[in-house]
Amino acid sequence: MIVVTSETVTGKRIVKSLGLVRGNTVRARHIGKDILAALRNVVGGEVHEYAKLIAESREQALDRMVGEAESLGANAVIAVRFTTSVMMGGAAELLAVGTAVVVEDDD
């Protein structure tokens, strides 16, 4: 599956657009990780606990979006974007959206 943020795929032409596809996940923070993050916040630096959580969330949302595209018969997803929103204190949604398409090699 080709996944790009651009509107086109270099060397390919879009022969069919299958519509919007999306994948999301809602994740909550863990109290143990919150304590470590709070301590790191005091001394400064990257909050590795949250960086790992958001990376895992991004991959899961992307996998779900690709799965939806595959079920439609797509071989590529273009114009992919990520967005986040807070669902409640300590929990957030990460959403991946794009357009499922069928592409073929340029002649």
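When a residue number appears, it is its place in the shown sequence, counting from 1. Nothing here was measured: the structure is a model prediction, and the numbers come from that model. Reckoned from all heavy atoms, side chains included, excluding hydrogens, waters and symmetry mates.
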Flag, side chain of R13 to backbone of D105, donor-acceptor distance under 3.5 Å: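 Yes: the side chain of R13 pairs with the backbone of D105.
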
Under 3.5 Å: donor-acceptor pair, side chain of R81, backbone of T5: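 The answer is yes, because a donor-acceptor pair under 3.5 Å joins these two groups.
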
Approximate separation, where rounding is to 0.5 Å, of [X] [atom1] and [Y] [atom2]:
X   : Y   : atom1 : atom2 : result
L62 : T25 : CG    : OG1   : 12.0 Å
E70 : M65 : CD    : CE    : 10.0 Å
K52 : E56 : NZ    : CD    : 5.0 Å
L18 : E68 : CG    : CD    : 11.0 Å
L94 : N24 : CG    : CG    : 8.5 Å
N75 : K12 : CG    : NZ    : 7.5 Å

Which atoms form the tightest heavy-atom contact between [X] and [Y], and what is the distance?
X    : Y   : result
A100 : L72 : CB-CD1, 4.3 Å
A51  : I54 : O-CG2, 3.3 Å
T99  : S17 : CG2-OG, 3.7 Å
R27  : S57 : CG-OG, 3.0 Å
G23  : R64 : CA-CB, 3.8 Å

Indicate if [X] and [Y] have the same hydrophobic cluster label, given that clusters are the connected sets of ILVMFWY residues with side-chain heavy-atom separations under 4.5 angstrom.
X    : Y   : value
V15  : I2  : no
L95  : L20 : yes
V77  : I14 : no
V103 : V3  : no
V102 : V9  : no

My understanding is that only residues two or more places apart in sequence, or in another chain, count here; which of them pass side-chain hydrogen bond (donor to acceptor under 3.5 Å, both in side chains) with R22?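 R22: no side-chain hydrogen bond (donor to acceptor under 3.5 Å, both in side chains) contacts found.
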
